[in-house]
Amino acid sequence: MTTFPFASLLRPELAGLHAYQPNPGEFTVRLDANESPPLLSPEAREKLDRAVVPAAWNRYPDARITELRHAIAAHCDASPDEVLVGAGSDEVIAMLLTALASPRDRAQVATIVTTTPTFVMYSMSARVRGMNVLEVPLDSQWDLDVTGLCRAVEIGRPNIVFIATPNNPTGGLMSLDRLQSVIEAAADALVVVDEAYIDFARRNQLSLLRNYPNVAILRTLSKIGFAALRVGWMIGPADLVREVDKVRQPYNMSVPAQAAALVVLRDLGAEILRMRTAVIVERERLAHGLRALGFAPVPSEANFLWVKTTRPAQEVVETLASRKILIKSFYPRGGRLLHYVRITVGLPAENDRLLEEISACA
Ligand SMILES: *Cc1c(COP(=O)(O)O)cnc(C)c1O
């Protein structure tokens, strides 16, 4: 119940939404948020610790984020004017939705199209802006349903189509030919290809940028070991970047965030490769262990596993929670999600603990 004097001034959409809150409980093993395990070498950690101290505390950061945009451009084979940087890709998603918000033709509000299940921030961010959200279920293999998506594009006339690939929470890459069909069907919309987990995948989708004028790629440092920084970015057409940049807060990226992200991109390439390999090796070991116990993990191209359970997912999550291990499930949404859990790949010892405790739920 909202009783303060301005309650009637709130956007009506807020009544149906909840503030994002990670589980506040005390857990000894947290495998719920797709963060990287703590694999950073002491040398890399020291470099970062030194980099985050501002030369002058009284001065604003670089409002143009010049150096970091150049480093990102070099890293992603793009030009600096094709790069938009945000406080996490969450902020980039918000900026895109704020900028590309004009309803089409006689519609009252703008529409976005995405898949389900997928990353919740596309729909959350669109809903708080009063936009209409069409969610097209992934097929039985958790791949794109091209027919359903093309119909949603045709009927909904979206401003933006959001596709995460590798997808969260299902872990797989979307088939490239299907993705291309959707991009072609949505030729007058922006198709955002979210590559948050690309460091753990066999291939990336950067070539789409050069082949289609309506594609933008999202990347983040959050999943490869630097979630504390809040640094994400979009690579997209320079015209689009120029317009969306007008809704960006001038000082959205703090001095420590810009400086540390520069170190990550310029100096920690080998470190990232090592972390990536360590996570992939553990991911495959964890998947093997789960299969041996009778669970059915879906092949993953990310730093987590999407695991089919025989018992209800709720029971698995609660049993593990009672043993101080936190994983993620979306069982309140029902349907096929009632029998799936998402497990972030942790340190070897954490994965061992998980395997030991989850065996009670096989
Ligand atoms: C975690 C995640 C993000 C959020 O990244 P931030 O850069 O931390 O805001 C974006 N997209 C997907 C699919 C994610 O899973």
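We count ligands from 1, going down the list as the structure has it; atoms in each ligand are counted the same way. Sequential numbering from 1 along the given sequence is applied to the chain's residues.
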Atom 15 (O) of ligand 1: nearest protein contact (heavy atom, Å): Tyr197 OH, 2.7 Å
To check your reading of the model: name the closest protein heavy atom to atom 11 (N) of ligand 1, its residue, and the distance in Å. Asp194 OD2, 2.6 Å
Using distance alone, decide if ligand 1 has a nitrogen or oxygen within less than 3.5 Å of any nitrogen or oxygen in Tyr122. no
Heavy-atom check, side chain of Phe200 versus side chain of Ile224, under 4.5 Å: yes
Structural part of [X] in contact with ligand 1, heavy atom criterion under 4.0 angstrom:
| X | value |
| --- | --- |
| Ser89 | both |
| Lys223 | side chain |
| Asp90 | both |
| Arg230 | side chain |

Identify whether the distance between the nearest side-chain nitrogen and carboxylate oxygen of [X] and [Y] falls below 4.0 Å.
| X | Y | answer |
| --- | --- | --- |
| Lys223 | Asp199 | no |
| Glu82 | Arg69 | no |
| Arg242 | Asp245 | no |

Per-atom contacts of ligand 1 with Ala196, taking only distances under 4.0 Å to non-hydrogen atoms: 10 (C), 11 (N), 12 (C), 14 (C)
Under 4.0 Å from a heavy atom of Ser222: which atoms of ligand 1 are those, numbered in the order shown and with their elements? 6 (P), 7 (O), 8 (O)
Applying a strict under-4.5 Å side-chain criterion to I, L, V, M, F, W and Y, I'd like to know whether Leu134 and Leu96 cluster together. no
Test of ring centre spacing under 6.0 Å for Phe304 and Tyr197: yes
For the residue pair Asn204 / Glu195, report whether a side-chain donor-acceptor contact shorter than 3.5 Å exists. no
